[in-house]
Amino acid sequence: MIDANRPELTSWLSVSQDSDFPIQNLPFGVFSTPSLPAVCGTRVGDFAVDLDALQRLGYLEGLGLPDGLFAQDHLNAFIACGKKTWSDVRLRLSQILRSESSFPLEKNREHQNQCVHEQGAVRMHLPARIGDYTDFYASREHATNVGKMFRDPENALLPNWLHLPVGYHGRASTLVVSGTDIYRPNGQRKGPNDPAPVFGPSVKMDFELEVGFLTGQGPEMGDWISTKVAEDYIFGLVLFNDWSARDLQQWEYVPLGPFLGKNFASSMSPWVVTLEALESFRTDGPLQSPEPLPYLHQPKNSHINLNLEVALAPRGEEETVISRTNFSTMYWSMAQQLAHHTCNGCAIKAGDLLASGTISGATPDSFGSLLELSWNGTQPLQLKNGTERRFLDDGDTLILRGHAAHSGIRIGFGEVSGTLLPAKAWTA
Ligand code: MN
C-alpha cells in the first residue's frame with residue numbers, strides 16, 4: 001500500500017464526508033489569488049495549498065527539488081522531474097497535511113496564512129502549458145453508435161478499429177480550464193439532403209464526456225514507450241469536455257478527420273489527479289478480441305473504476321443529470337494509447353494531453369454525447385424545467401463530474417463546467 005493512500009489517514013484541514021479531495025487524493029493544479037500570482041498547488045477538502053510557499057518555508061527540503069519549481073503558472077517543470085519526484089512530493093504533502101503531523105504547519109498559524117487558501121477565494125488556471133493535444137476514439141460503444149448513425153448500421157466499426165486505438169491530433173491553443181465560457185462556433189455545414197453548403201452558427205452543438213491524461217517527459221524522438229512502462233509516463237488525469245459542432249464535423253471530416261467542428265474549444269478540470277492516488281481503484285477493461293498485436297499487449301488492471309456523470313443546466317435553472325457511465329468501459333486503455341502513439345517514434349513532452357475520446361456505456365442512459373443521447377436529434381431529452389434538448393441551447397451550462405469510491409474512500413476530480421454563449425456575429 002502506498003503510504004499516502006492509507007485509508008485511515010485524516011487531515012488537520014477539515015474535509016467533508018463527500019469531498020472529492022480527502023488527504024488520500026492530493027492532486028496538483030495551478031491557482032492565483034488577487035494578491036498572489038499563479039503558483040502550483042494541491043488541494044485538501046476546500047483548501048488550496050501553495051507549494052511554492054511550502055518550498056520557500058523549507059517544508060520540501062531533502063527532496064532535491066530545484067528552487068522556484070512551483071513559482072510558475074504551469075506544472076510542466078515539475079512534471080518533467082519524473083515519476084519518482086511526483087511520488088516523493090505527494091508523500092511529503094501527505095506527511096505535512098495529515099493529522100498529528102511531524103511537520104510544524106499544523107500548529108504554525110503564520111505559516112498557514114502563507115500557504116493555505118480557501119478554495120472559494122482562489123482562481124484556477126490551466127494546470128499545464130499543453131504543447132500538444134491528441135484525442136482518441138477508444139470507446140467501442142461510442143464508435144459503434146457514431147458508425148451506425150453516420151455510416152452503415154451493419155458495419156458500424158471500421159476495419160481498423162479493433163486493431164489499434166484510433167486518434168487524431170487536436171489543437172492545444174483552444175484548451176481552456178473549467179469555468180471558461182465557450183462561443184458557439186460559426187462554420188460551414190451541409191446536411192445529406194441540403195442542396196448546397198451554408199455558413200453560419202452551428203445548429204448541432206454538443207459536448208463529449210472524456211477523461212484526459214497529462215504525460216511526463218518521453219524518450220527522445222525515434223524511441224517509443226511500451227505498454228509495460230507506459231504508466232510511468234502518465235502524470236495524472238483530468239475530466240475533459242471536447243465540445244463538438246456535429247453539423248460542421250459531419251460535412252468536413254472526410255477524408256482527414258475532425259477539424260473545425262472540434263478545435264474551437266475543449267474544457268478541462270483544474271486539479272490533476274495522479275495515477276498513484278487512483279491505485280486502489282484499478283480494474284481490468286473489456287476483453288479484447290481479436291487479441292491486439294504484441295506491441296499493444298494489455299497489462300493487468302489497465303483501467304480505472306471511475307464513476308462519471310454529465311449534467312445540463314439551462315441558464316438560471318436547476319441542472320438535470322443526463323448521463324452516468326464509468327471510465328472502465330473503455331476498450332483501449334491509456335497505456336495502449338500512449339504505446340500506440342509513440343510506436344513510430346513520435347515524441348511526447350512533459351505536459352502533453354492525451355484524451356480518451358467520448359466515453360459511452362452500453363445503455364442509452366450512459367452515452368457520453370448528445371449526438372448519442374438524442375440519437376442525432378431524433379429522440380429529444382426531457383429536462384427538469386420542462387424543456388427538451390436535441391443539442392445544446394445558448395446559455396446552457398454543461399458539467400462533467402467524476403469520482404472513484406470504495407470502502408469509505410472517495411477520490412474525485414471536482415468538475416469541469418462551461419457555458420455556451422451565442423455565436424459572435426460574423427463579419428468579413
Ligand atoms: Mn473527442
Side-chain angles (χ1 to χ4, degrees), residues 130 132-147 149-151 156-158 160-161 164-178 180 182 184-185 187 202 204-215 237-254 256-269 306 308-310 322-323 325 327 329-334 336-338 340-341 352-361 366-374 376 391-392 398-400 402 413 416-418 420:
I130 294 160
D132 266 314
Y133 152 50
T134 300
D135 198 20
F136 284 90
Y137 192 52
S139 158
R140 182 174 189 160
E141 291 75 11
H142 173 68
T144 302
N145 288 338
V146 173
M149 266 181 266
F150 285 172
R151 285 185 299 271
L157 286 184
L158 287 168
N160 60 1
W161 201 91
L164 55 84
V166 171
Y168 71 96
H169 286 122
R171 188 148 183 96
S173 62
T174 36
L175 298 178
V176 294
V177 74
S178 178
T180 307
I182 306 300
R184 180 183 294 270
S202 166
K204 287 190 173 181
M205 261 301 292
D206 201 354
F207 69 91
E208 289 187 337
L209 166 63
E210 303 195 20
V211 170
F213 64 89
L214 291 174
T215 62
L237 280 60
V238 293
L239 301 173
F240 192 73
N241 177 2
D242 187 24
W243 301 90
S244 298
R246 300 299 179 193
D247 42 353
L248 276 53
Q249 181 185 351
Q250 192 178 2
W251 172 230
E252 75 180 358
Y253 86 106
V254 180
L256 289 186
F259 190 34
L260 305 184
K262 297 282 195 171
N263 70 3
F264 58 94
S266 301
S267 304
M268 55 195 282
S269 55
L306 175 63
L308 300 165
E309 74 172 32
V310 183
I322 58 173
S323 179
T325 186
F327 188 39
T329 61
M330 298 305 272
Y331 190 83
W332 295 103
S333 69
M334 293 183 287
Q336 288 176 321
Q337 289 164 17
L338 194 48
H340 183 65
H341 203 319
D352 285 353
L353 181 77
L354 272 60
S356 60
T358 305
I359 302 164
S360 288
S366 64
F367 293 163
S369 67
L370 278 172
L371 176 71
E372 295 162 272
L373 289 164
S374 77
N376 200 13
F391 292 95
L392 294 170
L398 201 288
I399 307 140
L400 310 180
F413 287 73
V416 53
S417 75
L420 182 64

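No experiment lies behind these values; they were computed from the predicted model shown. The figures here come from the full heavy-atom set of this structure, side chains too, leaving out hydrogens, waters and symmetry mates. Atoms within each ligand, like the ligands themselves, are counted from 1 in listed order. Residues take their numbers from the sequence shown, with the count starting at 1.
Looking only at distances, a side-chain donor or acceptor of Ser360 sits under 3.5 Å from a matching main-chain atom of Gly368. Using a distance-only test at 3.5 Å, with no hydrogens or angles considered, a donor-acceptor pair links the side chain of Glu252 to the main chain of Leu260.
Shortest distance from the Mn ion (ligand 1) to Asp242 is reached at OD2 (N/O/S atoms only). Summary: OD2 is the N/O/S atom of Asp135 found nearest to the Mn ion (ligand 1).
A 6.0 Å sphere centred on OH of Tyr253 holds more than 12 heavy atoms belonging to other residues, nucleotides or ligands.
His142 pairs in a ring-ring contact (aromatic ring centres under 6.0 Å, His included) with only one of the listed residues (Trp332, Tyr137, Trp161, Tyr331), which is Tyr137.
Take the Mn ion (ligand 1) as the corner point: the lines to OE1 of Glu208 and to OE2 of Glu210 open at 90°, to the nearest 10 degrees.
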